[in-house]
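One structure is given here, and the rest of the page talks about it.
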Amino acid sequence: MLAAGWVIGPLRVLFFAPILGPAWSILAEAPVMLLAAGVLVWILRRRGQLSPRIFDRAVLSGAGILTVLVGEIVGSAMIYGPVGAARAFEGLPGALGLALVAVAGAMPLVARRREP
């Protein structure tokens with residue numbers, strides 16, 4: 001999911017945000033990111049690598065969310081400097097971005113392990 005974000009995020013910022021605005025561009029990005037998260041969970045489930053224990057899936061979700069948030073901060077710092085990293089989650093676009101990360105990150109929690 002982080003890789004998808006690293007590809008889709010700059011496209012959103014460079015092409016969609018100037019046309020749609022920051023908040024609408026995040027909403028336009030959301031279906032693609034949710035699809036990427038869903039496909040990743042589907043692959044893990046299909047391979048039998050998704051634990052049946054809720055704790056294990058919660059750890060997987062937390063690690064995914066943390067990885068994406070750190071990637072977002074590092075990417076913002078690389079592009080916009082320290083001030084950009086500090087403002088990465090500011091205002092309505094920041095809240096929408098955090099909500100998107102939370103929903104996508106929670107997908108392992110709602111998925112069930114494939115039964116043999």
Flag side-chain contact, heavy atom, 4.5 Å: [X] against [Y]:
| X | Y | answer |
| --- | --- | --- |
| Leu60 | Leu50 | yes |
| Val13 | Tyr80 | yes |
| Ile26 | Leu92 | no |

* **Trace of the side-chain contact (heavy atoms from CB on, under 4.5 Å) decision for Leu98 with Leu69** => CA-CA 8 Å; Leu98 287 173; Leu69 292 178; 3.6 Å; yes
* Asked: What pairs meet the salt bridge (charged side-chain N to carboxylate O under 4.0 Å, His left out) rule with one or both residues in residues 28-40, with sequence neighbours excluded?
  -> Arg12-Glu29
What is the minimum heavy-atom distance between [X] and [Y], and which atoms define it?
| X | Y | result |
| --- | --- | --- |
| Ile65 | Gly105 | CG1-CA, 3.7 Å |
| Ala63 | Thr67 | O-OG1, 2.7 Å |
| Ala23 | Pro93 | N-CG, 4.0 Å |
| Ala28 | Leu20 | CB-CD1, 4.1 Å |
| Ser61 | Ala106 | OG-CA, 4.0 Å |

Would [X] and [Y] show up in the same hydrophobic cluster when neighbours are defined by side-chain heavy atoms closer than 4.5 Å?
| X | Y | result |
| --- | --- | --- |
| Ile54 | Val41 | no |
| Ile19 | Phe15 | no |
| Val103 | Met33 | yes |
| Leu109 | Leu40 | no |

* **Distance in Å, Ile8 CD1 paired with Phe16 CZ, rounded so as to fall on 0.5 Å steps** => 10.0 Å
Look at the side chain of [X] and the backbone N and O of [Y], then say whether any donor-acceptor pair between them is shorter than 3.5 Å.
| X | Y | result |
| --- | --- | --- |
| Arg57 | Pro52 | yes |
| Ser51 | Asp56 | no |
| Ser76 | Ile73 | no |

* Should we count CZ of Phe89 as having more than 12 external heavy atoms under 6.0 Å? ->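 Yes, enclosed.
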* Given side-chain contact (heavy atoms from CB on, under 4.5 Å), test Met107 with Leu34 step by step and report yes or no. => CA-CA 9 Å; Met107 284 195 176; Leu34 292 174; 4.1 Å; yes
